[in-house]
Amino acid sequence: MTALFANYQRFNFEIVSGQMVTLTDNHDKQYLDLTSGIGVCNLGYNHPVVKAAVQQQLDLVWHTSNLYQSSLQEKVATLLTAGSNKKVFFCNSGTEANEAAMKLARKATGKSAILAFDHSFHGRTYGSLSLTDNPGIKKGFGPFVPGIKFAKYNDPAALDQITDDLAAVILEVIQGEGGLEAADGKWLQAVQAKCQAKGVLLIIDEVQTGIGRTGKLFAYQHFNLDPDIVTLAKGLANGIPVGAMIGKEKLADAFGPGSHGSTFGGNPLAMAAAKAVLETIDQPFLDDVSQKADFCWYYLQKEIAPLPMVTGISGRGLMIGIHLDTKVPVSDVIQQLQQAGVLTLSSRGNTLRLLPPLVITGSELMQGINTIKNVLEEAIVH
Ligand SMILES: Cc1ncc(COP(=O)(O)O)c(C=O)c1O
């Protein structure tokens, strides 16, 4: 018997504690975590700096409302905008960040249509779900927000759909839920150029790719892009619920007093955690992530790519998709890996998804990849 809705398909164990990249379940079994709680605990579990910041804030005050000044919000916003004159709005999740982006884009441009891409995932509330291309999770929930169009991701022909009636184009530079497809840099730049030429805002959803996951604070920085709006959540406060929308200053008038808000948005505990996260993820930290990721990709190419059931490996940095032949169902592989003491995720198209905490060491990455290799070699072919 459960008093919970069955909307989550859960494994039959519970994680009861965690220390950096190791999780322990209710049977005292330990796991090497390659999930970060779906890209959230980028600094691992029980990170001392984040924990101390939250504990310190807990002793001061843990909720104040947005009726008063917030030096913590100011500080986190400054860290996120790195000296540029962009503005930040705080909320509590990725879907809320995308709702805010959608509202801001519509109000600032006076237009309503938005172009999203196939296999996108932007969240589960009505605006974000309307921008999401996944029939399975949309079934039965329509009608959706009007004015949303879809184009083919990574396809030059999609540029023709960027027309001046659009308020915005929204995309992920790597589709986290959509099968770890990474956009081509030239295509991304062409999308941005077309948006600029047509007076269309470019929104980049960095909810999964952001906060150091790919070796840069934001994945779009690999491609020299300059999005009008960026959305964040997941890793920003390492597990304390938070979301954020960063927008260019030219959009600020559309979000004047009373225009948008959230009771919990920018909550002091979340802001204390986010400040600690952003101060920890400095350039040397990011360089270290890049170095580990280079090693990880080398090792994946050497050990995993040649396996007969592996049809490809995609992603970037420590955001990795191992594409498996459908004869080896990813759900089976995930369960066998759990038995072998490694936690992993899936993504669209029978893809094994790895989002290890960024604090993982090279030898822990090797251990994880070796276990994946062993499990795949023994996989039952259906
Ligand atoms: C790219 C992307 N956008 C938005 C979301 C929604 O975030 P949340 O679950 O915090 O609402 C997710 C969640 O997986 C995501 O991966």
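In listed order, ligands and their atoms are each counted from 1.
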Original post:
Any non-hydrogen atom of K234 lying under 4.0 Å from ligand 1?
Top reply: yes
**OP:** Show which atoms of ligand 1 fall inside a sub-4.0 Å distance from at least one heavy-atom site of T95.
**Re:** 6 (C), 7 (O), 8 (P), 11 (O)
Original post:
So is K216 actually on top of F218's ring, under 6.0 Å and inside 45° of the axis?
Top reply: no
Original post:
Which atoms from ligand 1 have a heavy atom of V207 less than 4.0 Å away?
Top reply: 2 (C), 3 (N), 4 (C), 5 (C), 7 (O), 12 (C), 15 (C)
Original post:
Which of the atoms in ligand 1, numbered in the order shown and given with their element, are less than 4.0 Å from a heavy-atom of N98?
Top reply: 3 (N), 4 (C)
Original post:
What class does the angle between the rings of Y299 and F295 fall in, given that below 30° is parallel, 30 to 60° is tilted and above 60° is perpendicular?
Top reply: parallel
Original post:
Does the side chain of N134 pick up a donor-acceptor pair with the side chain of E177 at under 3.5 Å?
Top reply: no
Subject >> Side chains of T209 and E206, donor plus acceptor under 3.5 Å >> reply: yes
Original post:
Can a donor-acceptor pair be found between the side chains of H323 and T351 at a distance below 3.5 Å?
Top reply: yes
Subject >> Under 4.0 Å to a heavy atom of D205 - the qualifying atoms of ligand 1, by number >> reply: 1 (C), 2 (C), 3 (N), 4 (C)
**OP:** Below 4.0 angstrom from a heavy atom of E172, which ligand 1 atoms are there? Numbered from 1 as shown, please.
**Re:** 1 (C)
Original post:
Tell me, which protein residue and heavy-atom name are nearest atom 16 (O) of ligand 1, and how many Å apart are they?
Top reply: Q208 NE2, 2.8 Å
Original post:
Any protein heavy atom lying closer than 4.0 Å to atom 9 (O) of ligand 1?
Top reply: no
Subject >> Between D133 and Y153, a side-chain donor and acceptor under 3.5 Å >> reply: no
Original post:
Just checking, any donor-acceptor pair under 3.5 angstrom between side chains of N350 and T326?
Top reply: no
Subject >> Closest protein heavy atom (residue, atom, distance) for atom 7 (O) of ligand 1 >> reply: G94 CA, 3.3 Å
**OP:** Could you tell me whether E96 and ligand 1 have an N or O pair separated by under 3.5 Å?
**Re:** no
Subject >> Any donor-acceptor N or O pair under 3.5 Å, side chains T163, D165 >> reply: yes
Subject >> Closest approach of any protein heavy atom to atom 2 (C) of ligand 1, naming residue and atom >> reply: F121 O, 3.3 Å
